[in-house]
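Worksheet: one structure, shown below.
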Amino acid sequence: MDLKQRINKDKLPGHIALIMDGNGRWAKQRGEQRIFGHQHGVESIRDTVRTAGEIGVPYLTFFAFSTENWCRPVEEVETLMDLLVKAIQTETPELNENGVRIRAIGDLDSLPEKCRIQLEDAIALTSKNTRLTVNVALSYSARWEIVNATRKIAQKVANNELSPDEIDDTHFQQALETAGIPDPDLLIRTSGELRISNFMLWQLAYTELYFTPVLWPDFRGKHLIQAIIEYQRRERRFGKLKCQPPATINEVK
Ligand code: FPP
């Protein structure tokens, strides 16, 4: 039986987040430089997006570059940024034709200007698409995001637009980079590492975690499908007794 047919279409995850790990090890296994792994990782992103679109998953978030990744050797950082520009240039027209909306979260101002402009153009071009949102986390870390959100809320309080008593989950959610995006239902991390690594700490509160030993450059649509099938076997209780999603997931527009 085709693996895809084993998916229950009525229980699809609304948002899948992915920590793409293992590019360096994949390259090393082949006697190549780390960047060789990143280059092949782009094909894994392409196959994952294509498969998610076919299945009907509405949101994907890829952790492409963390705040901490700036500390990698300059050459690796520059090549990653070049890869990003090239991927946006090559992929955006096809993504747009297929109804994919591109979004980004993170400290985009810290990206090289060329990257930022390409990204902003791709976001603007695809902003009306509704079939699938591909969200890319770039120069992103969850602690940075939470501190930033706190600053925005504190500013509102300082401007007398909000009182401290009024601050609730919804205010906080709206101050995060992911405002308007539902929390992930499923997080996939490749390469066998069992960590969250400063990724979407607020949003992952009730997310199902899935770890696979597959290195990111080997990750394909079939692995995504396997993760979804495993997700559908889990019972989600959101800290309650009955399987009932928390209000915040439904409230997000
Ligand atoms: C982790 O592997 C992966 C990254 C730091 C970058 C992920 C980037 C891509 C898949 C390429 C596309 C890039 C952009 C910016 C769109 P690692 O290098 O930590 O691998 P290791 O743990 O085996 O060393």
Side-chain angles (χ1 to χ4, degrees), residues 16-52 60-95 100-123 126 132-142 144 177 187-200 210-221 223-224 227:
I16 303 178
L18 298 107
I19 302 181
M20 308 179 281
D21 199 7
N23 294 352
R25 276 162 283 168
W26 188 89
K28 199 173 170 201
Q29 285 171 1
R30 286 158 180 78
E32 298 281 354
Q33 301 290 316
R34 302 174 52 76
I35 207 63
F36 186 69
H38 299 319
Q39 284 161 347
H40 280 265
V42 176
E43 181 53 36
S44 308
I45 299 177
R46 195 177 291 128
D47 207 52
T48 302
V49 171
R50 196 178 297 134
T51 306
L60 289 178
T61 294
F62 291 95
F63 199 5
F65 193 85
S66 72
T67 311
E68 293 75 20
N69 286 156
W70 289 114
C71 300
R72 292 194 176 199
V74 176
E75 197 182 293
E76 184 174 344
V77 172
E78 281 178 356
T79 317
L80 273 169
M81 292 300 148
D82 287 348
L83 263 184
L84 175 63
V85 171
K86 215 153 95 195
I88 297 171
Q89 280 173 343
T90 323
E91 308 297 331
T92 303
E94 195 184 330
L95 291 173
V100 176
R101 177 172 66 145
I102 299 173
R103 265 195 70 162
I105 55 172
D107 184 10
L108 304 186
D109 289 340
S110 67
L111 296 176
E113 200 184 350
K114 196 175 167 196
C115 279
R116 194 176 40 77
I117 292 171
Q118 288 276 346
L119 193 61
E120 283 169 358
D121 288 351
I123 291 170
T126 61
L132 164 63
T133 298
V134 171
N135 184 33
V136 192
L138 283 162
S139 193
Y140 171 88
S141 86
W144 166 85
E177 293 283 296
L187 170 78
I188 300 173
R189 181 172 189 150
T190 58
S191 91
E193 304 290 347
L194 308 178
R195 285 188 295 278
I196 301 297
S197 297
N198 210 352
F199 185 51
M200 297 184 111
Y210 179 87
F211 299 100
T212 170
V214 174
L215 301 177
W216 180 253
D218 286 330
F219 193 88
R220 289 292 177 272
H223 300 112
L224 180 78

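Order of listing sets the numbers, starting from 1, for every ligand and every atom in it.
Crowding of Q33 atom CD: a count of heavy atoms from other residues, nucleotides or ligands under 6.0 Å not exceeding 12.
If you check the side chains of T61 and N135, you find a donor sitting under 3.5 Å from an acceptor.
Contacts between E91 and ligand 1, counted as non-hydrogen atom pairs separated by less than 4.0 Å, are absent for every part of the residue. Of all the heavy atoms of R34, the ones lying under 4.0 Å from any atom of ligand 1 belong exclusively to the side chain. Only the side chain of N69 comes within 4.0 Å of ligand 1, judged by heavy-atom distances. When non-hydrogen atoms are compared, ligand 1 lies under 4.0 Å from neither the backbone nor the side chain of W26.
A salt bridge is defined here as a Lys NZ or Arg NE, NH1 or NH2 lying under 4.0 Å from an Asp or Glu carboxylate O, and R25 with E193 meets this definition.
Short contacts between ligand 1 and L84, defined as distances under 4.0 Å to a heavy atom of the residue, involve ligand atoms 15 (C), 16 (C).
Considering all non-hydrogen atoms of both residues, T48 and L60 come closest at O-CD1, 4.2 Å.
Considering backbone and side-chain atoms alike, G24 places an N or O below 3.5 Å from some N or O of ligand 1. For E76, no nitrogen or oxygen atom sits less than 3.5 Å from a nitrogen or oxygen atom of ligand 1, counting backbone and side chain alike.
Around atom 10 (C) of ligand 1, the closest heavy atom drawn from D82, V136, V85, N23 belongs to N23.
V134 is linked by a side-chain contact (heavy atoms from CB on, under 4.5 Å) to V49, F62, V100, L132, V136, counting only residues two or more places apart in sequence or in another chain. Residues meeting the side-chain hydrogen bond (donor to acceptor under 3.5 Å, both in side chains) test with D47, sequence neighbours left out: R50.
In this structure, atom 13 (C) of ligand 1 lies nearest to the protein heavy atom L80 CD2, 3.9 Å.
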